[in-house]
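The first residue of the sequence shown is numbered 1, and numbering continues consecutively from there. Just follow the structure's listing: the first ligand is 1, and inside any ligand the first atom is 1.
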Amino acid sequence: MREDNIEDTIAAISTATGEGGIGIVRLSGSRSLAVAGKIFVGVDKIKPANYQSYTMHYGQIVDNHKVVDEVILSVMRGPKSYTRQDVVEINCHGGLLSLRKILDLTLRHGCRLAQPGEFTKRAFLNGRIDLAQAEAVIDIIRAKTDSALKISLSQLNGALSREINRIRRGLLDILVILEANIDFPEETAQTQDVAGILRRLIGIDAQLKTLLTSADSGRILREGLHVVICGRPNVGKSSLLNALLKKERSIVTPVAGTTRDTIEELIDVKGIPVRIVDTAGILKPRGLIEKKAVSLARNQIDLADLVIMVFDASSKLNQLDRGLIKVLKNKNVIAVINKIDLKTRIEKDKINQVFKRIVLLAAKSGKNLNLLEDAIYNFVYQGKLAGPEPMLVSNLRHIQALRDAQKLIAEARDIHAEKLPVEFITQNLKDACVYLDKILGKDFSADLLDKIFMDFCIGK
Ligand SMILES: Nc1nc2c(ncn2[C@@H]2O[C@H](COP(=O)(O)OP(=O)(O)OP(=O)(O)O)[C@@H](O)[C@H]2O)c(=O)[nH]1
Ligand SMILES: [Mg+2]
């Protein structure tokens, strides 16, 4: 059972552990200023209880007249604070001992140690931010690339919440019309409504689908795009990995069958985190090791978000190429025609018939490598460049709720198109609303909150 009474005044070290220039102990709750008054002596000789909001004060933390540290105290009075409660932040020296001693003093004078994420949870429970915004806080802390950070910031800003609210309002509008139709059927022009409501349902379905499309890119930006390089032996797969990595990671030799194990690396392609895997060339396996290597490569292909199939420009397509094309026909593939510095013999149009994304390059010299990076980037954004305010969903919980809502709306749309009585669809619309409410946290359980905030660090 979590101890998380919102009336308690809580305290925690809010900066990362380890040595740092400064460290922060944060307090939130009605007794924050009173506790500060017991441990802080400002050079201005004013009691913290009398400090104005948004002011900073230089002074000392003292324990029984003994100086613990020299600090700056910041005061943010509720409701205009992170948690909407009175918040005090003590900026002290960043050593663990100093931070621990100050935290300990606050606990001795009436604070309770904060649970993970409890400051942000209070911001949510006190209505300053909704649940989607609260979740964005942890994503910001964890973001690995610029793009991931951008999505999380826009989510914290409320971009996603505004879009969900807009869809929700659209649903409620339809429900109002439907309820009127049920209560006073003779007063509403039934025939006109069917077309009008159908149009609205189609619109909402489209809005949900747009959000879900963006979810694919969102998930990738959060978790990384899983890219697998494959191709027959000796086409230059390892050379391509090294070129993308800009270092000699994978062994390159003129001997076919050089790579036996799969090699995985994390790279940043124009802000997208990419987990890239080099595999053994797919060939007709002879020995046991080759068999194992080929089956490992095939497993990797099954797991990939995107496959880069490498061809050798200087030779004609052979049986191995054709076999692999067949395997990859229905996957997300970028075809790379490598070694364009050599005389070209490959039948490019045959590749073009199967794969719409083709890049010609030379891995050895790095020529046209940027075109491959562009192709990966465009694959993630489906050819659409992210707008000034990318409306991206990246959180799995949100994606699931949106999928559930969209399913219900699509079903309602089909039922309504059949001109069945409106009672048939009102429940769908209400349930879809509940799913949207879950994203925003209008409808939440203690369990859900525990699950979400458990992931946070203490002090946030
Ligand atoms: N001319 C030319 N040669 C290249 C290019 N890229 C790779 N090669 C050469 O092709 C040979 C094979 O390269 P690798 O990168 O080892 O090929 P691989 O596909 O990983 O081969 P396996 O691991 O054996 O399946 C090496 O001799 C490379 O130097 C290129 O762009 N131009
Ligand atoms: Mg190799």
Asp341 and ligand 1 - part of the residue with a heavy-atom distance under 4.0 Å: side chain
Residue and atom name of the nearest protein heavy atom (relative to atom 18 (P) of ligand 1), distance in Å to one decimal: Lys237 N, 3.5 Å
Residue and atom name of the nearest protein heavy atom (relative to atom 26 (C) of ligand 1), distance in Å to one decimal: Thr253 O, 3.5 Å
Look at the rings of Phe311 and Phe355 and say which category their plane angle falls in: under 30° parallel, 30 to 60° tilted, over 60° perpendicular. tilted
among protein heavy atoms, the one nearest atom 8 (N) of ligand 1 is Lys339 CE, 3.7 Å
Result for salt bridge (Lys or Arg N to Asp or Glu O under 4.0 Å) between Asp437 and one of Lys430, Lys442, Arg168 points to Arg168
Please determine if the Mg ion (ligand 2) has an N/O/S atom from Ser238 lying under 2.8 Å away. yes
Purely on distance, is any nitrogen or oxygen of Thr279 under 3.5 Å from one on ligand 1? no
In the protein, which heavy atom is nearest to atom 12 (C) of ligand 1, and how far is it? Asn234 OD1, 3.1 Å
I need the contact type for Asn338 against ligand 1. Using non-hydrogen atoms and a strict under-4.0 Å cut-off, is it side chain, backbone, both or neither? side chain
Do Gly236 and ligand 1 have an N or O pair less than 3.5 Å apart? yes
Selected option - heavy-atom contact closest to atom 7 (C) of ligand 1, from Ser239, Gly231, Ala313: Ser239
